[in-house]
Amino acid sequence: MRRWSLAGQMLVLQLLVVAVTATGCAVLALVQAHRLLTDDAGHRATAVAVSVAAAPEVVDALDDPDPSARLQPFAERVRLSTGVDFITIMRPDGTRLSHPHRSEIGRRFLGNTGPALRGETFTETYTGTLGPSERAVTPVLSDGRVVALVSAGITVDRISAMLRGQFGWGGFIVALALGLGAAGTWLVTARLRRQTHGLGPVELGRIHEHHDAVLHAVREGLLLVGGDGRLTLCNDAARLLLGLPAGAEGRHVDELGLAELTAAGEERVHLVGERVLAVNSAASRLGRVVTVRDTTELQALTGQLDAERGFAESLRSAAHEAANRLHTVITLVELGRTEEAVALGTAELRAAQELTDRVMGAVREPVLAALLLGKSAEAAERGVELVITNECGEDEPLDDWGLDPRALVTIAGNLIDNAIDAGSRVEVRLGSDGGRAVIQVSDDGPGLAGPAAFARGWTTKGDGRGLGLALVGQAVRRLGGEIEVRGSAFTVRLPIPERVR
């Protein structure tokens, strides 16, 4: 059986609250009204009784042989004009001289008279011949003596009838309150149902748990930026990848330095510190959803793959050139011109050996040496002169630098590639300066724009996808080095670890 939705539970709960509140208020109002009506009846009865006791006709009629003949009509006139239910005039012993029912005249008064005989006016609720009533009893004084008593009252039935007249209004007010409360509750519930998609508390709790678990477990960074440019959600991976401070939610992306990163657009690469991040931003009804993936290792592997591809291409070029020269040598032998064949083969062997000796003499690090050999073959195939100079000397070979070979390949490979693309002559200088390794790559091209060239996306090709120099800058920063750009000459200085100095 499907549980009630949160909106349905709220509707029932609020209707119960409204019903109980309205009913309670109505009951309290009726109790208060009954008390007020009872008090009003007592005050009115007291006023009528005192007024009748003070009338001269009452004292004069008491001396008549038949006082009731004058007092009964007088009491009835006053009763009808004041709206009380009875006015009883009696002798001090309680014998009635007037009563709404003539048959009760001459009989004893039912009720208390003691306080009135002492000259006091009092009220009480008592059950007499007309039933329970709220009555007042007051003395009739003549020359300071109590010569008679007057009682006036309103029956409880009449008070109840007046109270029942309030029931209609009370019921109308309760019904109106319930209607308004139900309507307001329904509107709030409908809005809540739309916002919760009709889910119950258990489902909402489960969704929150899943949401929280996914946000904390997923390795990709996730950002949600509202329409006002403020960061509304940030998971743990995004905090780590972007180095966001605590309490980043609620702050503007400009304040956090994320304006460019969270801008709308297709997937692109951003460099943040030592990380290469793939960023994708998409619009949604909640704002912009930005996903961030760490591709640092992927970029490093891609760089190595590019280097291997370059080596393979260089070997292909060398093999192609060697095949051409070998075919020439064989042809010279077949033509009987062996001396020219030997001379050509010896020259080619000497040139290849000189290139290998020059590179290996300058670089003892195998990966970097292989890179430079490959770049030399590639430059030769493209008609670019590549000159490699070792300024360290034989006493301080490059393998003693103790630097990360992958970082060296990234730095040297990208700088040489750009130099080969830009000029016809490239010079690579390797050396050391005061405990720092120095790699300088220069060409005879027009030069670049200085430090701005190391920003993500900078390129001279105009496609906005430049990443090579940005990776160079990242690798240099990771090794704690610095880059100097002067025209077309790039000089990289990297600190040599203490253990290899």
#### Entry: Where R436 and P495 come nearest, the two heavy atoms and their spacing
CG-CA, 4.1 Å
### Query
At what distance, to the nearest 0.5 angstrom, does CZ of R493 lie from CD1 of I439?
11.5 Å
### Query
How many angstroms lie between CZ in R486 and CD in Q440, if you round to the nearest 0.5 Å?
9.5 Å
### Query
Considering only heavy atoms from C-beta outward, does the side chain of L231 approach that of L244 to under 4.5 Å?
yes
## Note on the structure
Closest non-hydrogen atoms of L386 and A379, given as atom of the first, atom of the second and distance, are CB-CB, 3.9 Å
### Query
So L494 and I411, side-chain contact (heavy atoms from CB on, under 4.5 Å) or not? Walk me through it.
CA-CA 11 Å; L494 305 172; I411 296 170; 4.0 Å; yes
### Task
Report yes if some heavy atom in the side chain of V438 is under 4.5 Å from a heavy atom in the side chain of V492; otherwise report no.
no
### Query
So with a 6.0 Å cut-off around CZ of R382, is the heavy-atom count from everything else above 12?
yes
### Query
Partners of E427 by side-chain contact (heavy atoms from CB on, under 4.5 Å), sequence neighbours excluded?
V387, T389, R425, R429, S442
### Query
For N418 and D443, what are the C-alpha separation, side-chain angles and deciding distance, and is it a side-chain contact (heavy atoms from CB on, under 4.5 Å)?
CA-CA 9 Å; N418 289 340; D443 59 75; over 6 Å; no
### Query
Any idea which heavy atoms bring V384 and G423 closest together, and the distance?
CG2-O, 3.7 Å
#### Entry: Under 3.5 Å donor-acceptor, N235 side chain and E220 backbone
yes
### Query
In Å, rounded to the nearest 0.5 Å, how long is the span from CD of E249 to SG of C234?
5.5 Å
### Task
Write down the atom of A407, the atom of R478, and the distance for their closest heavy-atom approach.
CB-NH2, 4.2 Å
### Task
Could you walk me through whether I483 and R477 pass side-chain contact (heavy atoms from CB on, under 4.5 Å), step by step?
CA-CA 9 Å; I483 303 176; R477 287 193 299 272; over 6 Å; no
### Message
Go through it in stages, so that I can follow the logic: the residues are D444 and S424, the test is side-chain contact (heavy atoms from CB on, under 4.5 Å), and I'd like the CA-CA distance, side-chain angles, deciding distance and then a yes or no.
### Response
CA-CA 7 Å; D444 56 358; S424 60; 2.7 Å; yes
### Task
Could you check if a side-chain atom of K375 sits within less than 4.5 angstrom of a side-chain atom of D417, using non-hydrogen atoms only?
yes
### Task
For D254, check salt bridge (Lys or Arg N to Asp or Glu O under 4.0 Å) against everything at least two apart and list the hits.
none
### Task
Would you confirm whether N414, through its side chain, and T410, through its main-chain N or O, come within 3.5 Å as a donor-acceptor pair?
yes
